Amino acid sequence: MLTVKTELLEALRLALEDLLPGAGAKAAFESPKVAAHGDLATTAAMQLAKPLKLNPRQLAEKLCAALQLTAPYQVWVEALDIAGPGFINIKLKPAAKQQVVREVLAQTARFGMQAGHGKQMLVEFVSANPTGPLHVGHGRQAALGDAICNLFSTQGWKVHREFYYNDAGVQIQTLTHSTQLRAKGFKPGDDCWPTDPEDPASKAFYNGDYIQDIANDFLAKKTVKADDREFTASGDVEDLESIRQFAVAYLRNEQDKDLQAFNLKFDEYYLESSLYTSGRVEAAVGKLIANGKTYEQDGALWLKSTDYGDDKDRVMRKKDGTYTYFVPDVAYHIAKWERGYQKVINIQGTDHHGTIARVRAGLQAADVGIPQGYPDYVLHTMVRVVKGGEEVKISKRAGSYVTLRDLIEWTSKDAVRFFLLSRKPDTEYIFDVDLAVAKNNDNPVYYVQYAHARICSVLAAWGGNAAALANVDLAALDSPQAQALMLLLAKYPDMLSAAAEGFAPHDVTFYLRELAACYHSYYDAERILVDDEAVKLARLALVAATAQVLHNGLAVLGVSAPQKM
RNA sequence: CUGCCCGUAGCUCAAUUGGAUAGAGCACCAGCCUUCUAAGCUGGGGGUUACAGGUUCGAUCCCUGUCGGGCAGGCCA
């Protein structure tokens, strides 16, 4: 089917080129929404009508006549017709659609993937500072980031997953300070520990109970090991440096458990502090000054970010000599570029959208060859959680919030991933815990997984060798339901490319839902294990191919494809 | 007040990036299991795409304005 499509497309391209040199670039097929409009359609005639000064319908007729003389059209096309203002609708012969079954069964897990082109890219996501467990928002980021990485892998990229965090900033001081007080036996609400949110002093404290756990383990001189670090507590409550390092390692380890429960693995953890110790921050600032993109005012150093479309100029170095937060960010992105990543995607909450303009401005001002619009950003909105019909409040200050692990334990890794990916990133999402555990067709995860399990069950009942299905005669696959299913299977590769390009894993969830629905309809319409051997094998090949594509699509989302349910 | 994002069926969301009669699920109504998993299928009702203009063969999509919601706007991160 895919080779069929490329053959047809090439013939169309040549025909267009013939009508108007350069017009070959307009060659493209759409998938009509309505079956009555055929299997493939092209709008080329309408697009060329103006430059050629021809009526689009007349042009369509010329184009059809030319196409009908070509070999691919004679072999694969059943009918060509012109509709509406000048659409050309193509109806394929069943044999053309049957090709996809063979292709899927031959390529198995690689079906839908592009050949590797060797280029590498970096995706930065989650990037939670080690000041508490991962919450639902991080979960959305984890699901999105991992799926986007998988999507680009299918398009031939070598993808690097990176987690960026700060182990030395103001928030870490707050963490250290709070842990020390807990270790000394104080708790929120004591005289030395203000908790009133109205009191600015309360910002220097974290109130969550998990701080007490850290303090207890610190006093017990425990050793903690995280993915990227290991540390043994001194147990000395006056040893702030030891408390800091222990607390950071402790919370990194907690986050690792969260990520593990989510089946997510990072290639690298990058420390903000390293940007200072390696001199990258100083180097970046020096570059900006040398390029004349800065000025001194009121005792501070400013970046002329308005030269690059920002609303106003931004302070880089404060009166006290320290840098504002976006300066290390600029240094970090220069480092990404110098590490060889010409394509970089950052996944962040929409509350950080203000930083995009100034980071990009800083990168342009540094003038190190970084193109405009680098890096790409995917912004996502907040997630709200509803359980038992009531919203579960998320409040970091009060120390009570829904952690990613809570959510996974209440439901499942598969449900959390699928749910968090089933919406466009920029739409606010309400996660309904009761829906995620529901075992009916309200629940899209089960609906899709069920289709896969159902197929596996049929294959098991048959009991033959699945590998032998790759070369069976498919001529029997000619019912409307079978043709619809084959057509949908054939769309999978294009769907993947579009989803990657648009940073849109939700496309995959919608496709899988549609594929599952199409299979369920087919299953209802045609019995698979019939007596006629040829028909049976053809149908088995079709459903085996369907299972394979369901499996491949779910894998992109990081969701399992169970054999039994 | 300013900037960015969003506004689609009663609810939650899509719409092949400017294409044909705007589609799914839930909810509601009516059907389908002595046969491969009914966690399923088939059919039905439900819309002035927030509103008003503009651009063109053609607009949910692009431009302008209005209304409504979210997030930002610090020498905090």
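Predicted, not measured: the structure shown is a model, and the values here were computed from it. Letters A, B, ... are given to chains in the order of the sequence lines, protein chains preceding strands, and every chain is numbered from 1.
- Considering only side-chain N and O atoms, A/S521 lies under 4.0 angstrom from the phosphate OP1 or OP2 of B/U42.
- Enclosure of atom CG in A/D531 is not indicated, since only 12 or fewer non-hydrogen atoms of other residues, nucleotides or ligands lie within 6.0 angstrom.
- Atom CZ in A/F418 sits about 12 Å away from atom C1' in B/G25, given to the nearest Å.
- Residue A/R454 has a polar side-chain atom (N or O) positioned under 4.0 Å from OP1 or OP2 of B/A38.
- Across the C1' atoms, B/G7 and B/G47 are found 15 Å apart, a figure rounded to whole Å.
- Remark: P of B/A15 and CZ of A/R423 are 12 Å apart, rounded to the nearest angstrom.
- Ion pairing between a basic and an acidic side chain is recognised when a charged N comes within 4.0 Å of a carboxylate O; A/E296 and A/R317 show such pairing.
- Following rounding to the nearest Å, A/Y446 (OH) and B/A38 (C1') show an atom-to-atom distance of 17 Å.
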Taking N or O atoms only and anything under 3.5 Å, show me the protein contacts with nucleotides 19-23 of chain B, one pair per line.
{"residue": "B/A20", "atom": "OP2", "partner": "A/K33", "partner atom": "NZ", "Å": "2.9"}
{"residue": "B/A20", "atom": "N6", "partner": "A/N89", "partner atom": "OD1", "Å": "2.8"}
{"residue": "B/A20", "atom": "N1", "partner": "A/N89", "partner atom": "OD1", "Å": "3.0"}
{"residue": "B/A20", "atom": "N1", "partner": "A/N89", "partner atom": "ND2", "Å": "3.0"}

*Indicate for each nucleotide in nucleotides 70-77 of chain B, in 5' to 3' sequence, whether protein heavy atoms under 4.0 Å reach the base (B), only the sugar-phosphate (S), or nothing (-).*
-BSSSBSB
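- One finds a side-chain N or O of A/Y447 lying less than 4.0 angstrom from the OP1 or OP2 phosphate oxygen of B/C41.
- Comparing the C1' positions of B/C51 and B/C32 gives an interatomic distance of 46 Å, to the nearest angstrom.
- A straight line from CG of A/L459 to P of B/U37 spans 11 Å, rounded to a whole angstrom.
- Listed nucleotides: B/U37, B/G40, B/C5. Nearest to the side chain of A/V458: B/U37.
- In this structure, A/K424 places its NZ atom 7 Å from P of B/C6, rounding to the nearest Å.
- The separation between A/L379 atom CG and B/C6 atom P is 11 Å, rounded to whole Å.
- Between B/C75 and B/G69, the two P atoms lie 29 Å apart (nearest whole Å).
- Separation of the P atoms belonging to B/G73 and B/U17 is 36 Å when rounded to the nearest angstrom.
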